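What follows is a single structure, written as structure tokens, with notes after it.
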Amino acid sequence: MAEHQLTIANGRVLDPVTGLDQITDLHLIGGRIVALGPAPLGFEPQRLINATGLVVCPGLVDLCARLREPGLEHKGTIESETRAAVAGGITTLCCPPDTTPVIDTPAVAQLIRRRAKTRGQARVLPVGALTKELAGQQISEMAALKEAGCPALGNANRPIRNTRVQRRALEYAATFGLTSFLHPADDDLSEGGLVHEGRVSTQLGLPGIPEAAETVAVARDLALAEQTGARVHFRGLSTARATEMLAEARNRGIAASADVSAHQLFLTEDDLYGFNANAHVIPPLRTQRDRDALRTAVASGAISAICSDHRPHEPDAKLAPFPQTRPGISALETLLSLVLELVADGVMDLSSALARVTCNPAAILSRTTLGRIDVGTRARADLCLFAPNERWRPTPEHWLSQGQNTPFFGREMHGRVRYTLSNGRLVYERNCA
Amino acid sequence: MDPRLLQLDDEGRLKHFLTTDGLDRAVLTEILDRAEGFLGVARQAVKKVPLCRGKIIANVFFENSTRTRTTFELAAKRLSADVLNVNISTSATAKGETLLDTLRNLEAMNVDMFVVRHADSGAAQFIAEHAAPFVSVINAGDGSYAHPTQGMLDMFTIRRHKGAFEPLTAVIVGDVLHSRVARSQIGALRTLGAAEVRVVAPRTLIPAEAEAALGVRVFADLASGVRDADVIILLRLQHERMNGAFLPSEHEYFHLFGLTEQRIEQAKPDAIVMHPGPINRGVEMDSGIADGPRSVILEQVSNGLAVRMAVMSMCIGTQNLALANAARGTEAVETATESEQDGALTHG
């Protein structure tokens with residue numbers, strides 16, 4: 001039987017890694033891109049997508065999205081959350097190891113990948129645990145985790161307190177060429193804290209997490225990266241000072257990269273007024289100055305990736321006095337729009353902005369076949385087709401993630417996904433009248 | 001939600017009392033004026049007024065407290081309300097009941113007002129946001145955020161001694177970081193127009209960016225902090241602060257920040273000394289000062305009753321108006337339906 005043939009016609013095909021940016025056609029056979037521009041001889045597509053006015057870019061790569069499976073299925077499942085992901089144009093997701101059980105054995109990593117293959121819409125890459133049970137004491141069987149498909153390792157939001165263990169974990173991971181994802185937060189300085197320590201924490205009487213909780217941890221881990229030569233990736237920077245430390249370290253040739261959660265580029269501590277539980281996130285929302293510095297660092301490339309930091313919750317998790325609420329935002333469906341808003345705000349051009357959610361995160365994962373548009377390869381295509389100028393407002397009724405915890409409901413968003421192809425299959429399409 | 005929108009009805013009348021934040025001078029002054037009227041009730045032969053007769057007021061305390069609960073209870077009884085004391089120890093939450101479940105259970109008993117104390121900042125606001133219509137919430141202290149009736153009883157005491165707020169310099173000494181009382185006092189003092197509000201404490205007990213966030217001047221030295229002050233408010237020092245690396249010892253705290261006869265010399269001769277209680281004699285101040293002529297500490301307690309009666313009666317008054325309006329609304333609908341029927345009959 002002949003394989004399915006598809007033409008995506010007249011779209012603005014934009015591939016940040018090659019610099020390709022032209023209005024043209026893409027032709028696919030069996031999910032693989034076979035030609036750009038004129039159709040190959042004898043090509044007779046069963047389906048033609050009119051992409052006039054749409055941008056066609058690589059499917060997004062998200063370095064941090066909690067899918068809640070296994071263990072917390074009342075908050076989300078691989079099925080529900082990957083459906084939300086592809087509606088947001090995301091085709092590859094890394095899930096941190098703080099599932100139940102923890103991703104500290106090949107069995108759990110394989111379980112997640114198998115579930116994603118059978119029930120998921122997007123590719124799911126499990127990030128393995130650096131230490132067993134994330135307890136920060138004994139390093140995990142990292143070679144086996146790599147074998148089981150983990151592209152990187154991390155300790156989720158449970159930083160390793162013991163600096164000696166941290167050093168050994170980084171060295172051992174580096175033995176196998178694995179990058180370590182680090183959430184920089186000094187445990188003692190952040191203990192008991194809920195929000196950024198500053199003007200708003202003082203006014204609301206909420207315990208603060210000082211800037212130093214992040215900078216102390218970044219300083220320690222940069223020193224360890226320098227000493228060991230291990231590759232480290234800082235997950236979710238939140239302070240201006242940490243971005244400066246990172247830029248300085250990179251200038252000296254230390255193998256360190258970083259990402260930022262999209263909401264950190266838009267929200268600040270001011271969003272907490274009125275005890276807004278949907279603005280309760282970790283690391284906390286900081287000052288306007290921090291937000292501006294994060295935007296600058298994203299533009300300069302010191303921070304090379306933007307991720308959703310998706311954390312879906314059941315309604316009760318946010319329905320309590322602020323200190324009792326769980327941190328996190330359900331963020332898959334707003335990632336692309338927020339990134340496009342950076343373009344509208346003049347922070348970056350479109351291609352650079354898309355690089356932060358496609359080829360750059362793929363490079364951090366050392367999976368360079370992802371996050372790009374390749375013609376004539378064996379790999380099946382991951383593509384996102386979006387209307388760059390469409391304005392929309394997220395509403396609970398049209399939300400796909402199981403978690404409805406977002407501060408962005410009702411906010412006007414820039415640009416919206418129309419079609420998503422994941423692993424060569426059309427997994428999402430939104431018809432417009 | 002914006003605390004201003006939450007606390008006032010469309011006409012700007014007090015519906016809930018959660019914090020002094022967002023309330024303007026007129027509302028705070030109304031509380032003080034009304035409290036003035038209630039002071040006399042204590043001296044009457046029959047110490048009751050019928051303003052809240054037929055209302056059920058529940059004191060819902062998630063944190064232990066004897067004093068505050070007692071004054072709220074007495075205030076409610078003097079207003080002729082029926083009072084329900086609900087002490088919800090940690091066990092209710094340990095049983096898995098959420099705060100909302102607890103609230104719904106009490107609402108099912110037709111409670112008209114909740115007086116709430118809770119260990120979490122923002123708890124009173126959360127309850128007010130989720131309370132049924134025509135139910136008022138009064139914050140009796142939530143976390144480190146607010147204790148507005150304490151703040152207002154202190155303002156009442158200051159006004160009775162000093163008259164206008166504009167010329168006053170008020171000094172708050174002690175653990176501002178953890179103090180809901182201090183936050184409510186500072187907010188009220190600033191709204192009522194006090195010339196200067198100062199805080200005095202070691203850096204470990206001053207919250208971040210206090211000057212910008214709270215609009216106060218910060219002093220690390222008590223003698224200069226109380227210089228030319230009209231009002232000196234001492235905060236209670238919790239013993240726990242010795243364990244969390246905030247302070248080395250009570251001894252050193254008193255040595256540096258305890259109010260003594262010698263240090264009070266720096267203040268204005270007619271300065272008053274206040275404390276929300278209970279006092280740690282020999283830690284926050286000398287016994288001589290607590291019992292001395294400048295101390296208004298026991299007056300604060302009596303005034304607390306009048307201020308709580310004022311706040312409760314204002315909220316219940318707003319509620320009664322809303323209930324009357326709602327009833328009139330229903331009546332109007334009923335009348336309209338009746339006249340339609342009448343019309344139908346006439347035409348029939």
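Proteins come first, then strands; the chains are lettered A, B, ... in the order of their sequence lines, and each starts at number 1. The model shown is predicted, which means the values in this text are computed figures rather than measured ones.
You'll find the side chain of A:P321 reaches within 4.5 Å of the side chain of B:L99, heavy atoms only. In this structure, A:Y273 and B:P3 have side chains that are not in contact, with every pair of non-hydrogen atoms separated by 4.5 Å or more. Counting only heavy atoms from C-beta outward, the side chains of A:L319 and B:H130 approach each other to under 4.5 Å. Taking the side chain as every heavy atom from C-beta outward, A:L206 and B:S121 approach each other to under 4.5 Å.
Of the listed residues B:D21, B:I127, B:L214, the one with more heavy-atom pairs under 4.5 angstrom with chain A than any other is B:L214. Per-residue heavy-atom pair counts under 4.5 Å with chain A were compared for B:G143, B:G122, B:A119, and the maximum is reached by B:G122.
In this structure a side-chain-to-backbone donor-acceptor pair under 3.5 Å is present from A:T202 to B:A208. B:E209 places no side-chain N or O within donor-acceptor distance of the main-chain N or O of A:G198, the cut-off being under 3.5 Å.
If you measure heavy-atom distances from B:Y145 to chain A, the contacts under 4.5 Å come from both the backbone and the side chain. Contacts of B:E129 with chain A are made by side-chain atoms alone, with heavy-atom separations under 4.5 Å and no backbone atom involved.
More than 12 heavy atoms of other residues, nucleotides or ligands shown are found within 6.0 angstrom of CG on A:D188. Around the CG atom of B:D10, the shell of radius 6.0 Å holds no more than 12 heavy atoms that belong to other residues, nucleotides or ligands. Other residues, nucleotides and ligands place more than 12 heavy atoms under 6.0 Å from the CZ atom of B:R236. No more than 12 heavy-atom neighbours from other residues, nucleotides or ligands sit within 6.0 angstrom of NE2 on A:H398. For CZ of A:R411, the number of neighbouring non-hydrogen atoms (other residues, nucleotides, ligands) closer than 6.0 Å is greater than 12.
A pairwise comparison of heavy atoms in A:F275 and B:Q125 identifies CD1-OE1, 3.8 Å as the closest pair.
Here A:T325 contributes atom OG1 and B:D120 contributes atom CG; the two are 9.5 Å apart, rounded to the nearest 0.5 Å.
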